[in-house]
**Student:** 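The structure follows.
Computed from a predicted model, the values in this text were never measured in an experiment. The analysis underlying the following values was restricted to heavy atoms, covering all of them including side chains, and did not include hydrogens, waters or symmetry mates. Position 1 is the first residue of the sequence; numbering continues from there.
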Amino acid sequence: MSETPQANSARKALVLFSGGQDSTACLAWALERYAEVETIGFDYGQRHRVELDCRQTVRAELIARFPAWAPKLGEDHLLDLALLGQISSTALTEHRAIEMLANGLPNTFVPGRNLLFLTFAATLAYRRGASVLVGGMCETDFSGYPDCRDNTLKALQVALSLGLDAPMTVETPLMFITKAQTWALTESLGGAALNELIIEHTHTCYLGERTQRHAWGYGCGSCPACELRARGFQEFSETAS
Ligand code: ZN
C-alpha cells in the first residue's frame, strides 16, 4: 500500500462513536477536518441499550442540521463484541453498583477495552480505505483508565501502522482538554445548534436514565458520568456568560 502522505482534507476517518457527548464532539471535529467520515460502534452487552439508540438519532440530527457536514458523513458500522462481555465482568455489563476498587479504578473499567476497540476499528478502517481513527479518550477527566492515556494510544498507533503496513493515525482531540473545554470545542465547531443537539440527543448516564432533563441533558444526575457532565457544563456556562 502506498504511504504517500495525504493532506488531512483528502483523508477518510473512522470515528469511534458511542452516542455520548465526547464521541459526538469527536464526530463533529472529524466532519470539520476530513473528506469522508464513517462511524463505528460496539455492542458488548452494555447494561443499557439507550446509548446505542442515541447513536442513530445523533447521526440523523447532524445530517439534518449541518448541511456542510451531511455529504461527508458516510456509513455507520455496529460491531457485535459480545465476547467482551464473556471475558470481562464489570459494572457496565452486569447489574452491579458502581464503586471504586482497591487499585483506584472504578469497577466500570473493562481491562484494555480501548485497545480492543481501536484494533477492531483499524481492521475495518483498512478495508474501508480510512487512514485516521478518531476516539474521545481523555487524560484530563478520565477515571484512571490506563488505556485512555496518550502514550498508550501513541504506542498503539505505531503497532497498528506496522501491523497493517499502512499509515493509521490515531487522533484523540479531547486528550488534554477538560469537560468544560469539550463544550467550548463543540460550540466552536457547530455553534449553539451543536451544543443543543448534544444536550438533547447524546447520552452519558451510567444508569441509562433518560426521563430527567437537566440544563446539560438527560441523566440521573448523581452517577460519576452525570456528575462529570454536569460539572463541565456548569463551568462552561460560567465562562461563556
Ligand atoms: Zn447518571
Side-chain angles (χ1 to χ4, degrees), residues 15-33 37 39 48 50-51 53-55 57-62 64-69 91-92 97-100 104-106 108-109 114 134-150 153 171-241:
V15 178
L16 277 69
F17 180 57
S18 70
Q21 179 191 354
D22 289 349
S23 66
T24 301
C26 288
L27 180 52
W29 182 88
L31 286 166
E32 190 66 21
R33 243 162 215 80
V37 178
T39 51
H48 307 290
V50 53
E51 203 173 334
D53 296 340
C54 285
R55 299 177 74 252
T57 313
V58 170
R59 281 177 49 96
E61 289 288 322
L62 283 171
R65 296 204 220 169
F66 296 90
W69 293 344
L92 279 188
I98 295 164
E99 55 191 37
M100 297 304 284
L105 296 172
T108 49
F109 178 62
N114 287 313
V134 185
M137 301 81 178
C138 175
E139 279 201 9
T140 317
D141 284 328
F142 79 142
S143 311
Y145 303 145
D147 61 340
C148 285
R149 290 179 190 145
D150 193 46
L153 299 174
E171 289 282 10
T172 52
L174 311 184
M175 182 57 73
F176 297 109
I177 67 176
T178 64
K179 276 279 180 287
Q181 288 170 319
T182 301
W183 288 106
L185 171 69
T186 44
E187 187 179 56
S188 74
L189 290 167
L194 182 56
N195 276 357
E196 281 159 23
L197 186 162
I198 287 169
I199 290 167
E200 194 61 34
H201 299 294
T202 68
H203 184 80
T204 307
C205 177
Y206 280 148
L207 303 183
E209 166 61 51
R210 271 196 89 70
T211 54
Q212 298 175 57
R213 171 68 149 79
H214 313 265
W216 44 267
Y218 294 91
C220 72
S222 51
C223 76
C226 280
E227 282 182 356
L228 200 57
R229 178 162 164 160
R231 203 180 322 127
F233 186 78
Q234 191 180 342
E235 276 173 42
F236 165 69
S237 304
E238 283 165 8
T239 46
S241 61

**Student:** Determine, stepwise, if the pair E171 / W29 fulfils side-chain contact (heavy atoms from CB on, under 4.5 Å).
**Tutor:** CA-CA 10 Å; E171 289 282 10; W29 182 88; 3.9 Å; yes
**Student:** Nearest heavy-atom pair of L174 and A25: which atoms, and what distance?
**Tutor:** CD2-CB, 4.4 Å
**Student:** Mind checking the CD-CG spacing from E139 to L153? Nearest 0.5 Å is all I need.
**Tutor:** 8.5 Å
**Student:** Measuring from H201:NE2 to T57:OG1, what's the distance to the nearest 0.5 Å?
**Tutor:** 7.0 Å
**Student:** From E51 CD over to T204 OG1, what is the distance, rounded to the nearest 0.5 angstrom?
**Tutor:** 7.0 Å
**Student:** Are T186 and L197 packed together at the side-chain level, in the sense that at least one heavy-atom pair is separated by less than 4.5 angstrom?
**Tutor:** no
**Student:** Between F236 and E187, is there a side-chain heavy-atom distance shorter than 4.5 Å?
**Tutor:** yes
**Student:** Measuring only between side-chain heavy atoms, which start at C-beta, is F66 closer than 4.5 Å to L194?
**Tutor:** yes
**Student:** Which distance, rounded to the nearest 0.5 Å, do you find between the OG1 of T39 and the CZ of R55?
**Tutor:** 5.5 Å
**Student:** Could you pull out the closest heavy-atom pair between K179 and Q21, with the gap in Å?
**Tutor:** CD-OE1, 4.1 Å
**Student:** Got a second to check how far E227's CD is from C205's SG, nearest 0.5 Å?
**Tutor:** 10.5 Å
**Student:** Quick check: do E200 and Y218 have side-chain heavy atoms less than 4.5 Å from each other?
**Tutor:** yes
**Student:** Of all heavy-atom pairs between V37 and A30, which one has the smallest distance, and what is that distance?
**Tutor:** CG2-O, 3.6 Å
**Student:** So do F176 and Q181 actually touch side chain to side chain, heavy atoms under 4.5 Å?
**Tutor:** no
**Student:** Check whether any side-chain heavy atom of W69 sits under 4.5 Å from a side-chain heavy atom of E32, and report yes or no.
**Tutor:** yes
**Student:** Could you walk me through whether W183 and R229 satisfy the side-chain contact (heavy atoms from CB on, under 4.5 Å) test, starting with their C-alpha distance in whole Å, then the side-chain angles of each, then the deciding distance to 0.1 Å, before giving a yes or no?
**Tutor:** CA-CA 10 Å; W183 288 106; R229 178 162 164 160; 4.2 Å; yes
**Student:** Begin from the C-alpha positions of L62 and R65 and carry the test side-chain contact (heavy atoms from CB on, under 4.5 Å) through to its verdict.
**Tutor:** CA-CA 5 Å; L62 283 171; R65 296 204 220 169; over 6 Å; no
**Student:** Is any side-chain heavy atom of R210 closer than 4.5 Å to a side-chain heavy atom of C54?
**Tutor:** yes
**Student:** Taking atom CD as the centre, does Q234 end up with more than 12 heavy-atom neighbours from other residues, nucleotides or ligands that are less than 6.0 angstrom away?
**Tutor:** no
**Student:** Can you measure from NE2 (H214) to CD (E209) and round to the nearest 0.5 angstrom?
**Tutor:** 7.0 Å
**Student:** Which heavy atom of G208 sits nearest to which heavy atom of V50, and what is that distance?
**Tutor:** CA-CG1, 3.9 Å
**Student:** Of all residues at least two apart in sequence or in a different chain, which pass the side chain to side chain contact (heavy atoms under 4.5 Å, CB included) check with D53?
**Tutor:** R49
**Student:** Taking side chain as C-beta onward, heavy atoms only, is C220 less than 4.5 Å from Y206?
**Tutor:** no
**Student:** Locate the shortest heavy-atom distance separating S23 from F17; write the atom from each residue and the value.
**Tutor:** OG-CD1, 3.5 Å
**Student:** With side-chain contact (heavy atoms from CB on, under 4.5 Å) as the test, would you mind laying out the steps for L16 and M137 before giving the verdict?
**Tutor:** CA-CA 10 Å; L16 277 69; M137 301 81 178; 4.1 Å; yes
**Student:** Of all heavy-atom pairs between C26 and G136, which one has the smallest distance, and what is that distance?
**Tutor:** SG-CA, 3.4 Å
